[in-house]
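What follows is a set of notes on a single structure, which appears directly below.
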Amino acid sequence: MERFRPNIVIASGSSTLDPFIEDYCNAMRWQDTTHTVHLKIRDHCIRCIVPNVDPHDASVNSQTLETVTQLSAQRHPGKPVYFGIYAQAQQAATLRAGASIELTLRF
């Protein structure tokens with residue numbers, strides 16, 4: 001996971017998230033200590049070659065991006081290699097590990 005440099009990773013607790021659920025996500029929100037926080041999803045994240053570089057020793061292995069390319073082509077035929085999403089905060093806030101996040105989905 002550290003090869004992709006995510007800022008937020010959503011892991012399912014008691015419920016199950018479908019693989020690549022971010023492809024259908026319009027927004028995320030959670031409750032901060034003082035208010036409800038909103039993240040608007042802006043676009044898919046187009047992947048570069050950086051995930052091929054091991055962050056521990058800088059060795060390069062093309063298998064990572066090759067796998068992501070295959071998965072992306074199945075989900076987004078004819079498009080660039082997508083993996084992850086860009087989101088924009090609507091206000092400053094803190095997201096703590098273990099917080100419950102609500103996703104707004106589009107299908």
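The first residue in the sequence is number 1, and the count goes up from there. All values reported here derive from a predicted model rather than from experimental measurement.
- A continuous path of ILVMFWY side-chain contacts below 4.5 Å connects Leu17 to Ile8, so both sit in one hydrophobic cluster.
- In terms of the salt bridge (charged side-chain N to carboxylate O under 4.0 Å, His left out) criterion, Glu66 has no residue partners (sequence neighbours excluded).
- With sequence neighbours excluded, the residues satisfying ring pair (Phe, Tyr, Trp, His ring centres under 6.0 Å) with Phe4 are Phe83.
- Taking 4.5 Å as the limit, every side-chain heavy atom of Val37 sits out of range of all side-chain heavy atoms of Gln90.
- Annotation: salt bridge (charged side-chain N to carboxylate O under 4.0 Å, His left out) contacts involving residues 77-101, sequence neighbours excluded, are absent.
- Considering every non-hydrogen atom in both Ser72 and Pro80, the closest pair reads OG-O, 3.5 Å.
- Under the side chain to side chain donor-acceptor pair (under 3.5 Å) criterion, Thr104 pairs with no residue, sequence neighbours left out.
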If you apply the rule side chain to side chain contact (heavy atoms under 4.5 Å, CB included), what do you find for Asn52 with Thr64, and how did you get there?
CA-CA 6 Å; Asn52 285 341; Thr64 303; 3.7 Å; yes
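- Tracing side-chain contacts under 4.5 Å through hydrophobic residues (I, L, V, M, F, W, Y), one reaches Leu95 starting from Ile21; they form part of the same cluster.
- In terms of modelled atom types and a separation under 3.5 Å, the side chain of Trp30 and the main chain of His38 share no donor-acceptor contact.
- Judged as a ring pair (Phe, Tyr, Trp, His ring centres under 6.0 Å), and not counting sequence neighbours, the contacts of His44 are His76, Tyr82.
- Taking Glu2 as the reference, Pro55, His56 meet the side chain to side chain contact (heavy atoms under 4.5 Å, CB included) condition, with sequence neighbours excluded.
- Evaluation of the side chain to side chain donor-acceptor pair (under 3.5 Å) rule for Ser59 yields Asp57 as partners, not counting sequence neighbours.
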Check against side chain to side chain contact (heavy atoms under 4.5 Å, CB included), Val60 and Ile49:
CA-CA 9 Å; Val60 178; Ile49 62 167; over 6 Å; no
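- A pairwise comparison of heavy atoms in His35 and Ala92 identifies NE2-O, 3.5 Å as the closest pair.
- Counting all heavy atoms, side chain and backbone alike, Met28 lies closest to Ile10 at SD-CD1, 3.4 Å.
- Shown here for Val53 and Ala58, the closest heavy-atom pair between the two residues is CG1-CA, 3.8 Å.
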Would you check, one step at a time, whether the test side chain to side chain contact (heavy atoms under 4.5 Å, CB included) holds for Val81 with Val68?
CA-CA 7 Å; Val81 179; Val68 170; 3.6 Å; yes
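- Phe20 pairs by the ring pair (Phe, Tyr, Trp, His ring centres under 6.0 Å) definition with nothing, not counting sequence neighbours.
- Criterion: ILVMFWY side-chain heavy atoms under 4.5 Å apart, direct or through other members. Under it, Ile41 and Leu105 are part of a common hydrophobic cluster.
- When atom types are taken as modelled, the side chain of Gln91 and the backbone of Thr36 share a donor-acceptor pair closer than 3.5 angstrom.
- Residue pairs satisfying the ring-ring contact (aromatic ring centres under 6.0 Å, His included) criterion with at least one member in residues 87-107, sequence neighbours excluded, are listed as follows: Tyr24-Phe107.
- In this structure, the salt bridge (charged side-chain N to carboxylate O under 4.0 Å, His left out) partners of Asp54, at least two apart in sequence or on a different chain, are Arg3.
- Counting only residues at least two apart or in different chains, salt bridge (charged side-chain N to carboxylate O under 4.0 Å, His left out) contacts with residues 23-42 comprise Asp23-Arg75, Arg29-Glu102.
- Contact record, Ala87 with Leu39: CB-CB, 4.2 Å, taken as the closest heavy-atom pair.
- For Gln63, the side chain to side chain donor-acceptor pair (under 3.5 Å) partners two or more places apart in sequence, or in a different chain, are Thr67.
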